[in-house]
Amino acid sequence: MSKLTAGTYEKYNAKYSTLTLTDGEYALTVTPEKGGMATSFTKSGEEYLWLRDKNYESSDRPRCGVPILFPSCGKPDGGVHHFNGSDYPIEVHGFADLLPWQVKTAADDEIVLTLTPNGLTKFVYPFDFLLEMRYTLSGAKPGWN
């Protein structure tokens, strides 16, 4: 059975709240404010995810951890997506990994984060959506879906 702890990532003039699920010798950490992504997975204290610390002090993509790519995973044609005769500028990999996510559930058995539309997302992606990410940890088996 996993256990939830709240923490803080603080380095290089950056400070973010973290949530960590621990089960035995395994720990999975997510950072809701930094794109909702998994930022650490350890076994007996040994790190298995690469975290590029200095990226955290900027608003750039971290290019590390396990990012959530939405609404696209690739590079759009000419930097825009075409919907119903209109062009919408969007970066490679979309925007989900650039935005803070809301914590829906933070419990010993799961962390559930959500992302919903705002003014920025509507400018580049004119659709309503509810994106939900659920993180679990059961011994040696991290999970996200």
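Along the sequence shown, residues are numbered consecutively beginning with 1.
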Nearest non-hydrogen partners of [X] and [Y], listed with the distance:
X      : Y      : value
Tyr48  : Lys43  : CE1-CB, 3.7 Å
Pro71  : Gly94  : CD-CA, 3.8 Å
Pro32  : Ser17  : CD-O, 3.7 Å
Leu115 : Phe129 : O-CE1, 3.5 Å
Pro89  : Phe123 : CG-CE2, 3.6 Å
Ser44  : Glu25  : OG-OE1, 2.6 Å

Do [X] and [Y] come within less than 4.5 Å of each other through their side chains, counting heavy atoms only?
X     : Y     : value
Thr18 : Thr8  : no
Ser72 : His93 : no
Thr20 : Val30 : no
Asp97 : Met37 : no

Between the main-chain N or O of Val80 and the side-chain N or O of Asp87, is there a donor-acceptor pair closer than 3.5 Å? no
Does Glu47 reach the main-chain N or O of Phe41 with its side chain, forming a donor-acceptor pair under 3.5 Å? yes
For Gln102, which residues count as a side-chain hydrogen bond (donor to acceptor under 3.5 Å, both in side chains) partner, sequence neighbours excluded? none
Sequence neighbours excluded, which residues qualify as side-chain hydrogen bond (donor to acceptor under 3.5 Å, both in side chains) partners of Asn118? none
Report the distance from atom [atom1] of [X] to atom [atom2] of [Y], rounding to the nearest 0.5 Å.
X      : Y      : atom1 : atom2 : result
Ile111 : Leu19  : CD1   : CG    : 4.5 Å
Ile90  : Phe95  : CD1   : CZ    : 5.5 Å
Lys104 : Arg134 : NZ    : CZ    : 11.0 Å
Leu113 : Met133 : CG    : CE    : 8.0 Å
Lys34  : Tyr9   : NZ    : OH    : 9.5 Å
Tyr135 : Leu21  : OH    : CG    : 10.5 Å

Please answer: with hydrophobic residues joined when any side-chain heavy atoms are less than 4.5 Å apart, are Leu137 and Leu4 in the same cluster? yes
In terms of hydrophobic clustering (I, L, V, M, F, W, Y; side-chain heavy atoms under 4.5 Å; direct or indirect links), are Val66 and Val103 co-clustered? yes
Taken in chain and number order and not counting sequence neighbours, the residues that satisfy side chain to side chain contact (heavy atoms under 4.5 Å, CB included) with Asn84 are none
Restricting to side chain to side chain contact (heavy atoms under 4.5 Å, CB included), what partner residues turn up for Thr116, sequence neighbours left out? Leu130
Counterpart residues, salt bridge (charged side-chain N to carboxylate O under 4.0 Å, His left out), relative to Lys3 (two or more places apart): none
Do Thr31 and Thr39 have side-chain N/O donor and acceptor atoms under 3.5 Å apart? yes
Just checking, any donor-acceptor pair under 3.5 angstrom between side chains of Thr136 and Glu110? no
Could you pull out all residues at least two apart from Phe83 that satisfy ring-ring contact (aromatic ring centres under 6.0 Å, His included)? His81, Tyr88, Phe127
As a test of understanding, state which of Leu120, Leu131, Ile68 forms a side-chain contact (heavy atoms from CB on, under 4.5 Å) with Leu99. Leu120
